[in-house]
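What follows is a short report on a single structure.
Chain letters run A, B, ... following the sequence lines, proteins first, then strands; residues in each count from 1. When reading the values below, keep in mind they use all heavy atoms of this one structure, side chains included, and skip hydrogens, waters and symmetry mates.
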Protein chains: 2
Amino acid sequence: MNLERLANLLGMSKTTVSRALNGYPEVSERTRERVLQAARDNGYQANPMARSLALGRSNVFGIIYPLQPADLGDAMFLDVVAGMSAALEQEGKSLIIAPVSQAAELATYQQFVRGRRVDGLIVSRTQVQDERIAFLSKARFPFIAHGRTEHHAPYAWFDYDNAAGIGLAMQRLLGLGHRRLGLISAPLLLNFARQRKDAFVAAMADAGLALDTRYLIADTLDRRSGYQAMQQLLACQSRPTAVIVDNHLSGVGAVRALLDAGVRIGEEISVIVWGRMEDTLAGIAVSTIDQPDAARAGARMVQMLQALVEGTPAASLQELWQPALIEGATLGPPAS
Amino acid sequence: MNLERLANLLGMSKTTVSRALNGYPEVSERTRERVLQAARDNGYQANPMARSLALGRSNVFGIIYPLQPADLGDAMFLDVVAGMSAALEQEGKSLIIAPVSQAAELATYQQFVRGRRVDGLIVSRTQVQDERIAFLSKARFPFIAHGRTEHHAPYAWFDYDNAAGIGLAMQRLLGLGHRRLGLISAPLLLNFARQRKDAFVAAMADAGLALDTRYLIADTLDRRSGYQAMQQLLACQSRPTAVIVDNHLSGVGAVRALLDAGVRIGEEISVIVWGRMEDTLAGIAVSTIDQPDAARAGARMVQMLQALVEGTPAASLQELWQPALIEGATLGPPAS
DNA sequence: CTGAAAGCGCTAACAC
DNA sequence: GTGTTAGCGCTTTCAG
């Protein structure tokens, strides 16, 4: 069933039917009713291809998703995506995720831009230097960076305050009297990891504490590597008395490592993990730096993206949300 | 840059340029060269909307993905998806995942079918009674069921042999002398869970063993519920001496529960989990029923889907792969 | 081998 | 209020 057939069926012109369907005001109530009824009866739905072609936009937004890093597996990411699609559904728009091999990532961005297959993109997991953002900026294609990056021109982004989050954690740990602090980081190419580490280093300096580089471990982004990182810290001559883990998958591994090593968490070692912790950690309430409202954040991002598409300048679409420190049972004064 | 402009630039007609670009034979070599060169130079790429509209197909395949169940978080699923997109990339086609709220799932199927936004769909995580499959079948829309379902008419599906996998596990456990066997199942609405449980029950009967319903626990699909399920089994008067877990996320939780309870795995209790086990289980090699070649399976499924689109009858597109038992260090004869 | 023209299904000026 | 007509950018008869 297409517009023309539906129009003939009703004895009207395509125009009128189209107008009635799209809620234009200049159509009589009676006509509109009849059209809507007929559309329902015949299961009519506008062909999105044709519609997009005529309109120049698709009402579809996208995320290009390189498979491999285990972060579709990341529950936080899923919550955000859920928020996005729920928000879009309400407006009759939609979200698509294009899973691609890592090698094809940038090429896919180019395809999407040239082909205008979507009205805008969300760029997740930003890197310190991010060629995707450089590309989209240059192409003047609408996008929201989910996380900041180093880029001279203004661009639209949404992020949580990495420095503030680490600040909260450090303040608490230093307040408890810790002096030997460790940090387990994701790869430092990732912007959030970089910023969190910088904030850590800055806080140490502010506190007049020397940095022990043995306590700084990077490149952990999953359970296994988080587990190993904590083992490495435990093996140090004089262990750190408190450890911050900058991502929650590593956090699960790290806490697991403490449990398996029989370390009394919160007594021998204090731990704070960035990100909500998952189920089953033997019932331990891990202290976390939480990014509240993941779903709302997702909704906000698509809202920003739509504003961008409609012409709002990117410079005014930059939003920084505050994380919160949620105290669990993994904090205490240093042991010795 | 669009076709017309490119054609004008070259002083040719749109037709010729289109033909050259699409590899039609009736165009002279010299012309083709010039066209391809110009296309590259000007970064020309056909507008996919227009192309799809004219052609009646998009070369895009889809997966509609209800968010909530934590299975985008499922590493196995990701491996399969990776295989799919890699296979499609090679042919210049692509895969999209449409994440939707659970409430909107069926409506989205209808949209996709009516709008012909994709040439075909993969339906994952099939249920025993699956309305999505009923709908697609009736609408005669091309799809591959990833997992079987109860459906009278022939439909195209890809699956691993659930009965055979459980058979392997049971044979091994019974061979070791186990008589009190437990099964931790996903929700039995899911087809794989149903089939695996049926196979379990059948194997018990074949062995002349009575079924202890306390040992049958269902509705576990994540770490937490798997953990609880195992705790429940451990609390039984006379514990089972061997347990099969029918999905790997629950398996992680279940093994974790054993570790936390101080149960010696492989001695006090033997365990087999369906699905590859993740990292960090304190170095334990869990015995698994493995579905080998996830990526190849994904590739095969899109291949089947393309065949279907091109007219191969669904009845001849049904493929059953065999799982394998991979022995780890979690098996032994019953304790008592 | 190349081009003119029709058509995919829809929207949007521009009349009436 | 409603209809006519001209596109959106591409492919594909049908002529030459």
Side-chain angles (χ1 to χ4, degrees), chain A residues 1-36 38-39 42-60 92-94 111-119 309-310, chain B residues 1-36 38-39 42-60 92-94 111-119:
Chain A
M1 178 56 60
N2 64 16
L3 228 208
E4 180 157 25
R5 286 235 290 278
L6 189 63
N8 291 340
L9 221 68
L10 285 159
M12 308 183 197
S13 74
K14 296 191 306 181
T15 314
T16 304
V17 176
S18 170
R19 281 200 273 243
L21 256 22
N22 292 299
Y24 279 56
E26 68 261 41
V27 78
S28 84
E29 260 326 303
R30 191 169 130 43
T31 312
R32 165 161 293 133
E33 297 267 302
R34 282 185 55 213
V35 170
L36 289 175
N42 296 279
Y44 170 77
Q45 192 189 337
N47 178 323
M49 304 296 182
R51 197 155 200 280
S52 307
L53 185 58
L55 242 35
R57 55 183 172 66
S58 57
N59 289 328
V60 176
K93 312 193 176 185
S94 57
Q111 269 183 37
F112 269 62
V113 168
R114 288 189 186 157
R116 297 242 142 218
R117 291 181 41 167
V118 295
D119 296 343
V309 168
E310 285 155 15
Chain B
M1 177 58 58
N2 64 17
L3 228 208
E4 180 157 27
R5 286 234 291 279
L6 189 62
N8 291 341
L9 221 69
L10 285 159
M12 308 185 199
S13 74
K14 297 192 304 181
T15 315
T16 304
V17 176
S18 170
R19 279 200 274 242
L21 257 21
N22 292 299
Y24 279 55
E26 68 262 40
V27 78
S28 84
E29 259 328 301
R30 191 169 130 45
T31 311
R32 164 160 294 131
E33 297 266 301
R34 282 186 54 211
V35 170
L36 289 175
N42 296 280
Y44 170 78
Q45 192 190 334
N47 178 321
M49 304 297 183
R51 196 155 201 281
S52 307
L53 185 58
L55 240 36
R57 56 186 171 66
S58 56
N59 289 327
V60 176
K93 312 192 175 184
S94 57
Q111 270 184 35
F112 269 62
V113 168
R114 287 188 186 158
R116 296 241 143 221
R117 291 182 38 167
V118 295
D119 295 344

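Within 4.0 Å of A:T31, counting heavy atoms only, lie sugar-phosphate atoms of the nucleic acid but no base atom.
Dashed line: the shortest gap from a side-chain N or O of B:S13 to OP1 or OP2 of C:dA4 is not under 4.0 Å.
Minimum heavy-atom separation, B:A38 to B:N42: O-ND2, 2.6 Å. Minimum heavy-atom separation, A:D119 to A:N59: OD2-N, 2.7 Å. When all heavy atoms are compared, the tightest approach of A:R34 to A:L10 is NH2-O, 3.2 Å. Across all non-hydrogen atoms, the minimal contact from A:R117 to A:S58 is O-OG, 3.6 Å. Of all heavy-atom pairs between A:M1 and A:Y44, the closest is O-CD1, 3.6 Å.
Rounded to the nearest 0.5 angstrom, A:T31 OG1 and A:E26 CD are separated by 11.5 Å.
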Contact pattern, 5' to 3', of nucleotides 6-16 of chain C - B, S or - by protein heavy atom under 4.0 Å = -BBBBBBB---

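Applying the side-chain contact (heavy atoms from CB on, under 4.5 Å) rule to A:Q111 yields the partners B:Q45; only residues at least two apart in sequence or on another chain are considered.
The footprint of chain B on DNA chain D, defined by a heavy-atom cutoff below 4.0 Å, extends from D:dG9 to D:dT13.
Rounded to 10°, the helix from C:dC1-D:dG16 to C:dC16-D:dG1 has 40° between the axis fitted to its first five pairs and the one fitted to its last five.
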Please list, one pair per line, the donor and acceptor atoms closer than 3.5 Å that link side chains of residues 2-9 of chain A to other protein atoms, with sequence neighbours excluded.
from : atom 1 : to   : atom 2 : distance (Å)
A:N2 : OD1    : A:E4 : N      : 3.4
A:N2 : OD1    : A:R5 : N      : 3.0
A:N8 : ND2    : A:E4 : O      : 3.4

I'd like a table of donor-acceptor pairs (distance under 3.5 Å, sequence neighbours excluded) in which one partner is a side-chain atom from residues 17-25 of chain B, with atom names and distances.
from  : atom 1 : to    : atom 2 : distance (Å)
B:S18 : OG     : B:N22 : ND2    : 3.4
B:N22 : OD1    : B:R51 : NH2    : 2.7
B:N22 : ND2    : B:S18 : O      : 2.9

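Between B:R30 and B:E33 there is no salt bridge, since no side-chain N of the basic residue sits under 4.0 Å from a carboxylate O of the acidic one.
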